[in-house]
Amino acid sequence: MVKGRQGLYLEAWKFGVYISIPIFASWYYSYPETQQYWADYWQYIKYPENPNTNVRQKIKELGEQKEKEKEQRMVYQQQLRELQKAAERSESYRKNETTTALPVVPEGEVKASASWWKRAGGWVAGSKTGSE
């Protein structure tokens, strides 16, 4: 605890806060509209289901819903399989294209479509093969 006049002000301030918070909360939550809003928001009150509900029909509807979800999952899995196959075909095509489609250039010659690094003498920052 802080001593002196400053300590008295601090203690008075804390006491005021400790007393005002419950008073404000009691005043705020005393209105029925506010109580209804917060009860609905936090769902404090859950009423049981209507006893006149046909349980067999409800179980049947839940089963149909599960079947529909299962069918949707199967369609989704099939789509994913097709996408995976397409990706594998693309990958294998890209590998074949890079290994067979590139023309072989004899060592020392520079292709006409070579990058400007190679045209400048083959020197690239950090490479040991270029001129140093």
Side-chain angles (χ1 to χ4, degrees):
M1 182 170 142
V2 180
K3 294 183 179 180
R5 183 169 273 174
Q6 291 177 345
L8 180 64
Y9 291 140
L10 178 63
E11 292 300 319
W13 172 254
K14 289 192 315 187
F15 180 75
V17 170
Y18 294 154
I19 295 298
S20 64
I21 288 176
I23 290 172
F24 175 75
S26 298
W27 170 78
Y28 179 74
Y29 288 107
S30 65
Y31 293 108
E33 296 86 17
T34 306
Q35 291 173 354
Q36 181 66 37
Y37 171 78
W38 288 110
D40 291 343
Y41 182 80
W42 293 108
Q43 299 179 356
Y44 286 125
I45 303 170
K46 287 272 193 178
Y47 293 105
E49 210 172 296
N50 187 356
N52 297 330
T53 303
N54 188 351
V55 177
R56 289 183 184 182
Q57 181 182 3
K58 186 166 186 174
I59 292 173
K60 183 180 176 184
E61 289 172 359
L62 288 173
E64 290 172 355
Q65 182 181 3
K66 287 214 179 247
E67 281 295 320
K68 191 176 185 181
E69 290 174 358
K70 185 177 180 181
E71 290 173 9
Q72 290 173 347
R73 274 195 309 271
M74 295 299 287
V75 169
Y76 180 67
Q77 288 176 351
Q78 183 62 31
Q79 290 174 347
L80 286 178
R81 284 189 198 105
E82 291 173 6
L83 286 173
Q84 183 64 32
K85 287 179 185 177
E88 289 171 358
R89 283 194 309 263
S90 174
E91 182 69 23
S92 66
Y93 175 75
R94 188 173 60 85
K95 283 182 182 177
N96 289 339
E97 186 179 90
T98 58
T99 57
T100 59
L102 293 177
V104 178
V105 178
E107 197 171 320
E109 276 188 39
V110 179
K111 295 189 313 183
S113 64
S115 70
W116 64 277
W117 285 108
K118 289 192 179 189
R119 289 184 192 152
W123 181 84
V124 178
S127 82
K128 296 180 180 178
T129 58
S131 58
E132 295 178 7

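Only this structure's heavy atoms are used, side chains among them; waters, hydrogens and symmetry mates stay out. Here the structure is a predicted model, which is why all the values come from computation and not from measurement.
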By side chain to side chain contact (heavy atoms under 4.5 Å, CB included) - contacts of Y9 (at least two apart): R5

With sequence neighbours excluded, residues passing side chain to side chain donor-acceptor pair (under 3.5 Å) with Q65: none

E88: partners by side chain to side chain donor-acceptor pair (under 3.5 Å), with sequence neighbours left out: Q84

Rounded distance (nearest 0.5 Å) linking atom CD of Q6 with atom CG of L10: 9.5 Å

With sequence neighbours excluded, residues passing side chain to side chain contact (heavy atoms under 4.5 Å, CB included) with E64: K60

Between NZ on residue K85 and CD on residue E82, distance to nearest 0.5 Å: 7.5 Å

Residues that Q79 engages under side chain to side chain contact (heavy atoms under 4.5 Å, CB included), provided they are two or more places apart: V75, Y76

For K14, salt bridge (Lys or Arg N to Asp or Glu O under 4.0 Å) partners two or more places apart: E11

Parallel, tilted or perpendicular: ring planes of W42 versus W38, cut at 30 and 60 degrees: parallel

Pairing residues for Q36 by the side chain to side chain donor-acceptor pair (under 3.5 Å) criterion, not counting sequence neighbours: D40

Salt bridge (Lys or Arg N to Asp or Glu O under 4.0 Å) contacts touching residues 66-81 (sequence neighbours left out): none

Non-neighbouring partners of W27 that pass ring-ring contact (aromatic ring centres under 6.0 Å, His included), sequence neighbours left out: F24, Y31

Side-chain hydrophobic cluster, 4.5 Å single linkage: members besides I59: V55

Any donor-acceptor N/O pair, S26 side chain to P22 backbone, under 3.5 Å: yes

ILVMFWY clustering at 4.5 Å (side-chain atoms), partners of W13: V17, I21

Contacts of E91 that satisfy salt bridge (Lys or Arg N to Asp or Glu O under 4.0 Å) - sequence neighbours left out: R94

